[in-house]
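The structure appears below as structure tokens.
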Amino acid sequence: MEILKSAIATELAAQSGFAAAGLDAQKIAENLSRPPKPEMGDLAFGCFKPAKDLNLKPNELASRAATGFAPGSHHALVQSAQAAGPYINLRLNRAAAASHVLAAIETTTVGQDPEQWRFGNSDEGDGKTLVIDLSSPNIAKPLAVHHLRSTMIGYAIKRIREAQGWRVVGVNHLGDWGTGFGKLIAGLKKYFPEIGKRAEAGDAKPLGDMSVAELNATYARFSAESKENEDLAEAGRTEFAVLEQHIEALIGGTRAAAGAHGEANFRIWQHTRELSLAEFERMYAHLGLSFHQWPVVDQQHARVLNAQPDNFYRDHCLYVGESYYVAAEDLCRRIIADAVANKVAEESEGALVIFTHGKDKPPLMLVKDDGATSYHVRDLAAAIYRHRHWHANELAYVVGGEQKWHFEQLFKALGLLGHEWSSQCMHIEFGLMMFQQADGKWAKTSTRRGTAIMLEDLLDEAVKSVREIMAAKNPELAASADAERIANAVGVGAVVFNDLKNGRRNNVKFDWDAVLDFEGESGPYMQYQFVRMGSVLNKFKQACGNLDNHDYPPYFKTRYSSGPDLDLDLSAGDAALLALPEEWAILQLLADFPAAVARASREYEPSIVARALIDLAGATSTWWSATKDTRIVGENANLSLARVRLVNAIRKVLGRGLTLLGMSLVERM
RNA sequence: GCGCCCGUAGCUCAGUGGAUAGAGCAUCCGCCUUCUAAGCGGACGGUCGCUGGUUCGAUUCCAGCCGGGCGCGCCA
């Protein structure tokens, strides 16, 4: 409706009743809404707010403004206006409205590449840059289901923002630094002495082919033992201190090198990072994301980055681990020095802290009492780096709501350090992934306690279910060469859509049955409606090419039966023939789509797009059934052409929406 | 105890201060010779947690309570 509202408001503003009441197009557009029942009208003007401004009773304004309404030409969008209490119910020239909507979609969605379907795009963000922190898993821990949230919510926001004209830099703030790595190194050396020996001997791959699960288990085992044993805890702290000293010496800091011990720890850490990334890559590829190490060193990508930065940042997110700010930029120590010099930081209980919210609230910790930097410093460094390097207008962090306090402190600290742009930092919080325990209660997931479900297992399970359903419902396709690609797209899409369809702040109670339920408001349902629309387009082309079909005029045959698949010039379709209430319902939803994308962008809320698609797909399916008898592509050639225009529009809006959410499309399923 | 998030149908959730609060799942009843039934229609299902307040009007805004979740100084 949004793309119709301004045109309608302009028409109404020219009406004597509205003009006499001093209502301009802007004011009218703001108060247009859809009546609860279609028989009341196609659109309604609510008089509450304008009446208040004019010191009138809403009912009075409604009857005054509606009086003397005279429709313009027969092309005018508004056909009649009738006061109904505090509302003015409007009836539209649906044919004109339909034509308006379809033309808007057709001119912005040329071709078959969903990335070029620009309906719903805007130039709101032109020239602006958003740096968005997404996914950000910890090294040496496997990706579990809850990592899906940050990854896919972040990725969807990235794509939605890009559709609004923004340059969006996706940053994977890998948890690859911190005292935990001291425990891991100490554990590896304790339980697998040969690893320590290989590292000391200069082996660049001291861990062999150890899996991330094994690394995690080693960490967990050592962590548990060191709780009982202070010597082990001390060993962990030492290993990390040595690692940090080694890296700081590498970048020419003030600290002395840590010798062979430091080199060995560095090798273990680097290999841990490599092994972890290799495993993450597999998952990201599944989900359709691509990450590059930052800074970009390989020539091919560096060229793209230099020549076409927008393309580069659109196609790739970046790995910028926490260690980057320690190892490459030395930003951490400079921030600490700066904070001390400006008396923002102070010493407290042996640590260096910033009291961001007064003395009675826990402070933000810069340096711990063992001399190691805390992750807060690295987050400060990351924010400053992102703002400086990418000239970011906004910094967004897609991180779970349990870290809300951390980000409040972080942004406040940035402000205290003199960065006035801290007000442009946003924590895009999302709800926790909860698992049902044996006692029936729901609790936060824990990789350590083994209650988390591995992301890979979930995706595999979803793809497997899709394969089974495909084998039962579409055996021919299941046996074809496309089967695996389609099963992947539909299965992964099911998991992704399931995660994005609800408001991001809600906690998610993980439920296998719900994730693998492919009926109703599900990813496969969305894909299915998209596939149906494609089938109709193919059917239409066949019908036009069929010489026995005498009802189709000759020009149909030449015009539509050839050419690239699904690429049809439908301008001859007469929108006035779309007279079914189901068709009008769809046209309204199509018209609403751009506003949904814009709002999703503003509110960092992909579920708004997902909901718009659920509504559109539902209305489409209802229409599909309502046309069972006449068919969409039926006996009446001109009616069929008009309906095919609608099918084409639905397909492209659905397809665009799904790709905005980070899903891949399929033509059959 | 303090702070933040949440509370809408049996379950999972939409709902931008406005007309009679909507979906999906589950249950029950119908609908496949046709462009894919991963579908469609219908039935059943609500003191919008409670109590006040603001407002012409509150599920929506405010306050207090109740219930659930998360966080609260050296994990990230």
Side-chain angles (χ1 to χ4, degrees), chain A residues 31 33 35-37 40 44 46 48-49 51-52 57-58 84-87 89 136 138 173 175 177-180 183 223 322 348-353 357 360-370 372 374-376 378-379 399-406 408 429 431-432 434 441-444 466 469-470 472-474 477 490 494 501-503 505-509 511 513-514 517-525 527-529 531-540 542-543 595 599 607-608 611 614-615 618 621-629 631-634 640 647 668-669:
Chain A
N31 291 289
S33 62
K37 296 280 176 191
M40 294 168 159
F48 303 100
K49 278 180 205 131
K52 194 166 198 171
K57 286 194 161 66
Y87 289 93
N89 288 332
S136 305
N138 290 328
H173 190 66
W177 203 247
T179 46
K183 287 187 198 171
S223 180
E322 289 186 72
S348 168
E349 295 174 31
L352 187 69
V353 302
H357 291 71
D360 54 339
K361 296 261 171 65
L364 177 142
M365 181 153 309
L366 294 177
V367 184
K368 300 188 275 192
D369 59 11
D370 62 0
S374 117
Y375 78 110
H376 295 96
R378 300 188 287 277
D379 275 357
V399 179
E402 69 268 33
Q403 292 199 45
K404 184 146 190 161
W405 173 242
H406 163 63
E408 275 180 30
E429 66 193 291
L432 275 78
M434 315 274 284
K441 286 195 170 181
W442 293 87
K444 187 182 168 181
V466 171
I469 295 171
M470 204 161 44
K473 295 183 187 271
N474 198 341
L477 180 61
V490 175
K501 72 177 175 186
N502 292 324
R505 283 187 180 81
N506 295 337
N507 286 347
V508 176
K509 295 176 181 166
D511 177 2
D513 292 340
D517 180 1
F518 297 160
E519 292 174 8
E521 297 172 343
S522 68
Y525 179 94
Q527 301 270 24
Y528 186 58
Q529 306 312 326
V531 166
R532 277 176 157 178
M533 296 303 103
S535 296
V536 173
L537 296 186
N538 283 324
K539 169 76 185 297
F540 179 70
Q542 276 170 26
R599 195 157 71 88
S607 69
I608 294 170
R611 288 283 153 195
I614 287 172
D615 292 342
S621 196
T622 298
W623 177 53
W624 175 278
S625 300
T627 55
K628 269 288 176 199
D629 296 332
R631 318 297 288 173
I632 293 170
V633 176
S640 297
V647 164
R668 296 181 295 165
M669 66 188 276

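Order of the sequence lines fixes the chain letters, A, B, ..., with proteins taken first and strands second; residue numbering starts at 1 for each chain. As the structure is a prediction and not an experimental result, all values here were calculated from the model.
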Using a heavy-atom cut-off of 4.0 Å across all strands, would you classify A:D369 as base, sugar-phosphate, or nothing?
base
Nucleotide B:G71, atom C1' - distance to NZ of A:K444 in whole Å:
9 Å
Do the side chain of A:S136 and the main chain of A:H173 share a donor and acceptor less than 3.5 angstrom apart?
yes
Select base, sugar-phosphate, or nothing to describe what A:Q403 touches, counting heavy atoms under 4.0 Å on all strands.
base
Can you tell me, in whole Å, how much space there is between the P of B:G1 and that of B:G64?
15 Å
A:K501 and A:S522: side chain donor to acceptor below 3.5 Å:
no
Where the side chain of A:N502 is defined as all heavy atoms beyond and including C-beta, which of B:C13, B:C40, B:G71 is the nearest nucleotide?
B:C13
Under 4.0 angstrom, heavy atoms only, what part of the nucleic acid is A:W624 near: base, sugar-phosphate, or nothing?
base
Take atom CH2 of A:W623 and atom P of B:C35, then tell me their distance rounded to the nearest Å.
16 Å
For B:A23 versus B:A76, give the span between their P atoms, rounded off to a whole number of Å.
49 Å
First locate atom NZ of A:K539, then atom CD1 of A:I632, and finally report the distance between them rounded to the nearest 0.5 Å.
9.5 Å
Nearest-Å distance once atom P is located in both B:G39 and B:C2:
49 Å
Can you identify which nucleotide, out of B:A38, B:C74, B:A76, has its nearest atom closest to the A:E349 side chain?
B:C74
Among B:G73, B:C5, B:U12, which is the nearest nucleotide to the side chain of A:K509?
B:U12
Look at all strands and tell whether A:G178 reaches a base, only sugar-phosphate, or nothing, counting heavy atoms closer than 4.0 Å.
sugar-phosphate
Between B:C40 atom P and A:I632 atom CD1, what is the distance in whole Å?
14 Å
Quick one: which of B:G71, B:A76, B:G69 gets closest to the side chain of A:W405?
B:G71
Strictly by Watson-Crick or wobble contacts shorter than 3.5 Å, is anything paired with B:C70, and which nucleotide is it?
B:G3
State, yes or no, whether a side-chain contact exists between A:D369 and A:E349 at a heavy-atom distance under 4.5 Å.
no
Mate of B:G64 across any strand shown (Watson-Crick or G-U wobble, both atom pairs under 3.5 Å) is B:C50
Which part of the nucleic acid, if any, lies within reach of A:G503 when heavy atoms closer than 4.0 Å are counted: base, sugar-phosphate only, or nothing?
sugar-phosphate
What is the nucleic acid contact for A:E519, judged by heavy atoms within less than 4.0 Å: base, sugar-phosphate only, or nothing?
sugar-phosphate
When we call it a touch if two heavy atoms are under 4.0 Å apart, what does A:P362 touch: a base, just sugar-phosphate, or nothing?
sugar-phosphate
By the 4.0 Å heavy-atom rule, please label A:N506 as base, sugar-phosphate, or nothing.
sugar-phosphate
Write down the distance between CG (A:N474) and C1' (B:C32), rounded to a whole number of angstrom.
16 Å
A:M669 side chain, from C-beta outward: closest of B:C40, B:U36, B:C35:
B:U36
Ranking B:A37, B:A76, B:C74 by distance to the side chain of A:K628, first place goes to B:A37
Under 4.0 angstrom, heavy atoms only, what part of the nucleic acid is A:V353 near: base, sugar-phosphate, or nothing?
base
Side chain of A:R611: nearest nucleotide among B:A19, B:U36, B:A14?
B:A14
I need the NZ-P distance between A:K57 and B:C56, as an integer number of Å.
12 Å
Assign each of A:M470 and A:K501 the nucleotide of RNA chain B bearing its closest heavy atom; nearer the 5' end lies the nucleotide of A:K501
With a 3.5 Å cut-off and just heavy-atom distances, do the side chain of A:D517 and the base of B:A26 make a donor-acceptor pair?
no
Interatomic distance at C1', B:A9 relative to B:U59, whole Å:
14 Å
Of the options B:A19, B:G39, B:G73, whose atoms approach the side-chain atoms of A:Y528 most closely?
B:G39
Could you tell me how far apart A:K52 (NZ) and B:G57 (P) are, to the nearest whole angstrom?
10 Å
Once rounded to the nearest 0.5 Å, what's the spacing between atom CH2 of A:W405 and atom NE2 of A:H357?
4.0 Å
Working for side chain to side chain contact (heavy atoms under 4.5 Å, CB included), residues A:R611 and A:N502
CA-CA 8 Å; A:R611 288 283 153 195; A:N502 292 324; 2.6 Å; yes
Interatomic distance at P, B:G15 relative to B:U8, whole Å:
14 Å
Across all strands, who's sitting opposite B:C31 as a Watson-Crick or G-U wobble pair, both distances under 3.5 Å?
B:G39
Tell me what A:A372 touches on the nucleic acid: a base, only sugar-phosphate, or nothing, going by heavy atoms under 4.0 Å.
nothing
Look at the side chain of A:S374 and the backbone N and O of A:V367, then say whether any donor-acceptor pair between them is shorter than 3.5 Å.
no
Give a yes or no on whether the backbone of A:G618 and the side-chain of A:S621 come within a donor-acceptor separation of less than 3.5 Å.
no
Picking from B:A76, B:C5, B:A37, which would you name as closest to the side chain of A:R505?
B:C5
A:N89 side chain, from C-beta outward: closest of B:A19, B:A38, B:U36:
B:A19
When rounded to the nearest Å, what value does the distance between P atoms of B:C56 and B:C50 take?
25 Å
Just checking A:S621: base, sugar-phosphate only, or nothing, at a heavy-atom cut-off of under 4.0 Å?
sugar-phosphate
When all nucleic acid strands are considered with a 4.0 Å heavy-atom cut-off, which category describes A:T627: base, sugar-phosphate, or nothing?
base
Does A:Y375 make a side-chain donor-acceptor contact with the base of B:A76, cut-off 3.5 Å?
yes
For B:C31 and A:S625 - does any side-chain N or O of the residue sit under 4.0 Å from the phosphate oxygens OP1/OP2?
no
What is the distance from NZ of A:K37 to P of B:G22, rounded to the nearest Å?
6 Å
Under a 90° cut-off about 0 for the syn range, is B:C4 syn or anti?
anti
Below 4.0 angstrom from OP1 or OP2 of B:A38, is there any side-chain N or O of A:K473?
yes
Using the closest heavy atom to pick a nucleotide of RNA chain B for each, name whichever of A:M40 or A:K539 lands nearer the 5' end.
A:M40
Need the pair for B:A26. Rule: Watson-Crick or G-U wobble, both distances under 3.5 Å, any strand; none if unpaired.
none
Nearest-angstrom distance from the residue atom CD of A:E402 to C1' of B:C75:
13 Å
Which is true for A:S348 with a 4.0 Å heavy-atom rule: it touches a base, it touches only sugar-phosphate, or it touches nothing?
base
Should the side chain of A:T622 and the base of B:G41 be counted as holding a donor-acceptor pair, with the cut-off at 3.5 Å?
no
Side-chain (A:N507) to main-chain (A:L432) donor-acceptor, under 3.5 angstrom:
yes
At 4.0 Å (heavy atoms only), tell me whether A:L432 reaches a base, stays on the sugar-phosphate, or touches nothing.
sugar-phosphate
If you measure from the C1' atom in B:C44 to the same atom in B:C29, how many Å do you get, rounded?
11 Å
Rounded C1' spacing from B:C6 to B:U60 in Å:
15 Å
Are side-chain heavy atoms of A:Y528 and A:M669 found at a separation under 4.5 Å?
yes
